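From a predicted model like this one, the values you see are computed outputs, not experimental measurements. Because only heavy atoms are used, hydrogens play no part in the values below, and waters and symmetry mates are left out as well, while side chains stay in.
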Amino acid sequence: MSKTVSMRVSNNVARLLETLSSVTPTYVVGGTMRALFTGEPVKDLDLVVEDFDKAVEALRESGFHVSDEAKSFRVVKVFVDGDVVDVAGFRTETYDMVSRKPVVAPAKSIDEDVSRRDFTMNAIYGKVVNVHGDNVELEVVDKFGGLRDIEGRVVRAVGDPRLRFMEDPLRMLRALRFAVKLGYSIDPDTYNAIKELHGELKRISKERIRDELVKMLLADPARAVMLIYDSGVWHEVMPFLGAMAEIRHDHRGHHHGETVLEHTVETLENLKKLYKLNELNTLAVLLHDIGKPYTRSEADGKVMFLGHEDVSAEMAKKWLRTMRFPNKTIDLITKAISMHMKVHELAKTMSRRAIARFLVEADEDRNAIELALEIAEADVGKRYDELREVIDEMLSIPKLITGYDLLNYPAENRGKMLKFVREIQLAQRITDREKLLKMLKGLSLPAQKEEKQKQKIRA
């Protein structure tokens, strides 16, 4: 007995499906079918047709905008409602096991076509049997046990997992991503193949790896990092995890003898509880302590990581560059990492002068300051709301002095004096420009005061 399922689509997509299915058997495949059974939102619509040439001709005759950009791979892109629908003919793919670019040839049937898919849940297909209004009825066919694996919450490769991963090593990261995103386990044979073949990821571009990592980190960063480490994939994608797993904290403060890696996983869990995840805060928390293994020291039985924030920032910069992240992202994350330890100190003392100095040294960069706050808060698992209120209040105070007010100072000191005056203004809540100008007449830089005192002592 065949299984049927209904899918709601827009009127234009319904017209597209009706046009195709009227001239050739048409099938919904891939992530679209998976989403109908996993509960994921349906995003991209992927279609496969039996008679590719007839389908393309019918689409054009019906007035659809069709792109031939990938037609040599037996795929055309159809633009509908601002989205892109892929329409492909039956295909087989042959890999050389060196690159991940296949040689594409026509397949004899839809079953042969789906046999090349990566995972069983993505090899389910649905034949379009009826289109009525915005409702599409699909006859579901599951040749590889995808429905069974969805019910059992398992990610399983189609056929031999080693062959699937050798064909395209990026599939190993996709397996981890699906497990993280859907909360599934990974079939033992599939997982063992990842452990065995993760070195093949060297064949994949950094950009493709980066995109997969970001997707799984935004789904569940703590589980993503644990899977990346346990599977061995970290060797190719996050080489800093190895040293982090070998170094332990002591039992002071918010630490409990955990490794740096365990602490990072806990911090990522805290971040997900405290904030909505985004690329910036997730990457910043992931990388905020990667320098600890290289700054560890002991004194009087206490384990310390002095200056680890600066080493972490430098290491983060190198890794983010390697993974081809935009420079703006790299600069913001590394700046926040270098500041996060100062946030802890400020939250303890709540010294208004120290907070003012911190803001001025950070160039009053709201984005970097907020990111540093989120790192520190995830670090300890609680928000620093009192500190954030003071910071927000200070940053709302308008700047009253510019470089033109400091022309009587030596040129080499004007920048420093401008920052010093701003620090005093923020600390004392000064909003009167005339008052600040009068105060400015009697000010000298801290270093100048020290030099004058030394001169008096010498005299």
Side-chain angles (χ1 to χ4, degrees), residues 1-9 13 17 26-48 85-86 88 90-91 93 109-130 135-165 167-168 170-195 211-213 215-224 226-228 230-231 233:
M1 183 177 178
S2 63
K3 178 182 179 68
T4 59
V5 65
S6 293
M7 177 175 69
R8 292 274 181 174
V9 296
V13 170
L17 291 170
T26 300
Y27 306 88
V28 178
V29 298
T32 309
M33 286 301 295
R34 181 189 73 242
L36 292 176
F37 298 100
T38 62
E40 300 168 76
V42 177
K43 293 182 179 179
D44 302 320
L45 181 62
D46 290 329
L47 304 175
V48 172
V85 177
D86 282 348
F90 296 161
R91 299 184 299 167
E93 295 175 348
S109 66
I110 181 64
D111 290 339
E112 185 180 1
D113 180 281
V114 298
S115 68
R116 65 184 172 83
R117 303 273 168 176
D118 50 7
F119 308 111
T120 58
M121 68 178 80
N122 292 331
I124 305 166
Y125 64 87
K127 182 178 181 181
V128 178
V129 292
N130 187 33
N135 187 68
V136 180
E137 187 177 341
L138 303 171
E139 181 182 334
V140 179
V141 181
D142 177 22
K143 295 287 185 177
F144 298 96
L147 294 174
R148 171 206 63 203
D149 288 336
I150 289 173
E151 185 177 354
R153 302 176 66 80
V154 175
V155 178
R156 189 191 312 271
V158 172
D160 182 351
R162 288 158 187 80
L163 180 57
R164 295 288 84 77
F165 296 146
E167 289 172 343
D168 182 358
L170 191 66
R171 288 170 171 168
M172 289 184 274
L173 288 182
R174 283 171 55 82
L176 300 186
R177 173 164 65 87
F178 283 126
V180 170
K181 179 182 177 182
L182 299 173
Y184 286 12
S185 63
I186 301 177
D187 161 67
D189 285 344
T190 302
Y191 198 54
N192 287 336
I194 295 173
K195 287 185 171 183
D211 292 347
E212 287 296 329
L213 291 179
K215 288 175 184 177
M216 71 173 83
L217 286 169
L218 292 181
D220 185 341
R223 184 161 187 241
M226 289 189 291
L227 270 179
I228 287 167
D230 183 68
S231 66
V233 164

Side-chain polar contacts of residues 122-129 - donor-acceptor pairs under 3.5 angstrom, sequence neighbours left out - could you list them?
| from | atom 1 | to | atom 2 | distance (Å) |
| --- | --- | --- | --- | --- |
| Asn122 | OD1 | Arg34 | NH1 | 2.6 |
| Asn122 | ND2 | Asp118 | OD1 | 3.0 |
| Tyr125 | OH | Asp111 | OD1 | 2.6 |

TODO: Heavy atoms only: give me the nearest Met216-Ile228 pair and the separation to one decimal.
DONE: SD-CD1, 3.8 Å
TODO: Measure across Thr32 and Asp44 and return the closest heavy-atom pair with its distance rounded to 0.1 Å.
DONE: OG1-O, 2.6 Å
Task: All side-chain contact (heavy atoms from CB on, under 4.5 Å) counterparts of Ala175, not counting sequence neighbours - done: Phe119, Val155, Ile194
TODO: Quick one: closest heavy-atom pair of Val180 and Ala224, and the distance?
DONE: CG2-CA, 3.8 Å
TODO: Without swapping roles, check the side chain of Arg153 against the backbone of Leu182 for a donor-acceptor pair under 3.5 Å.
DONE: yes
Task: Closest approach of Pro41 to Ala35 (non-hydrogen atoms, all atoms of both residues) - done: O-CB, 4.1 Å
TODO: Name all residues meeting the salt bridge (charged side-chain N to carboxylate O under 4.0 Å, His left out) criterion together with Asp160; count only those two or more places apart in sequence or in a different chain, and write none if there are none.
DONE: none
Open item on the list: Restricting to side-chain hydrogen bond (donor to acceptor under 3.5 Å, both in side chains), what partner residues turn up for Tyr191, sequence neighbours left out?
Closed with: Asp230
Open item on the list: Less than 4.0 angstrom from a charged side-chain N to a carboxylate O is my criterion; do Arg148 and Glu151 meet it?
Closed with: no
- [ ] Using a 4.5 Å cut-off on heavy atoms from C-beta on, say whether the side chain of Val140 contacts that of Leu147.
- [x] yes
Task: side-chain contact (heavy atoms from CB on, under 4.5 Å) partners of Ala222, counting only residues at least two apart - done: Asp220, Val265, Leu268, Glu269
Task: Shortest non-hydrogen contact between Val158 and Arg164, atoms and distance - done: O-NH1, 2.9 Å
Open item on the list: According to side-chain hydrogen bond (donor to acceptor under 3.5 Å, both in side chains), who are the partners of Asp149, at least two apart in sequence or on a separate chain?
Closed with: Thr120, Arg156
- [ ] Go through Glu40 and Lys181 one step at a time and tell me if the salt bridge (Lys or Arg N to Asp or Glu O under 4.0 Å) criterion holds.
- [x] CA-CA 10 Å; Glu40 300 168 76; Lys181 179 182 177 182; 3.0 Å; yes
Open item on the list: As an exercise, state the distance from OG1 of Thr38 to CE of Met33, rounded to the nearest 0.5 Å.
Closed with: 11.0 Å
Open item on the list: List the residues meeting side-chain contact (heavy atoms from CB on, under 4.5 Å) with Leu218, not counting sequence neighbours, and say none if there are none.
Closed with: Val214, Leu277, Thr282
Task: Residues which pass salt bridge (charged side-chain N to carboxylate O under 4.0 Å, His left out) with Arg117, listed by chain and number, not counting sequence neighbours - done: Asp113
TODO: Starting at CG of Asp211, measure out to CZ of Arg177 and round the result to the nearest 0.5 Å.
DONE: 9.5 Å
Open item on the list: Suppose we screen for side-chain hydrogen bond (donor to acceptor under 3.5 Å, both in side chains). Which residues come up paired with Arg8, at least two apart in sequence or across chains?
Closed with: Asp134
Task: Contacts of Thr190 that satisfy side-chain hydrogen bond (donor to acceptor under 3.5 Å, both in side chains) - sequence neighbours left out - done: Asp187
- [ ] Indicate the atoms forming the closest heavy-atom contact of Met121 with Ile150, along with that distance.
- [x] CB-CG1, 3.9 Å
Task: Value rounded to 0.5 Å, distance of NZ in Lys3 from CG in Asp142 - done: 10.0 Å
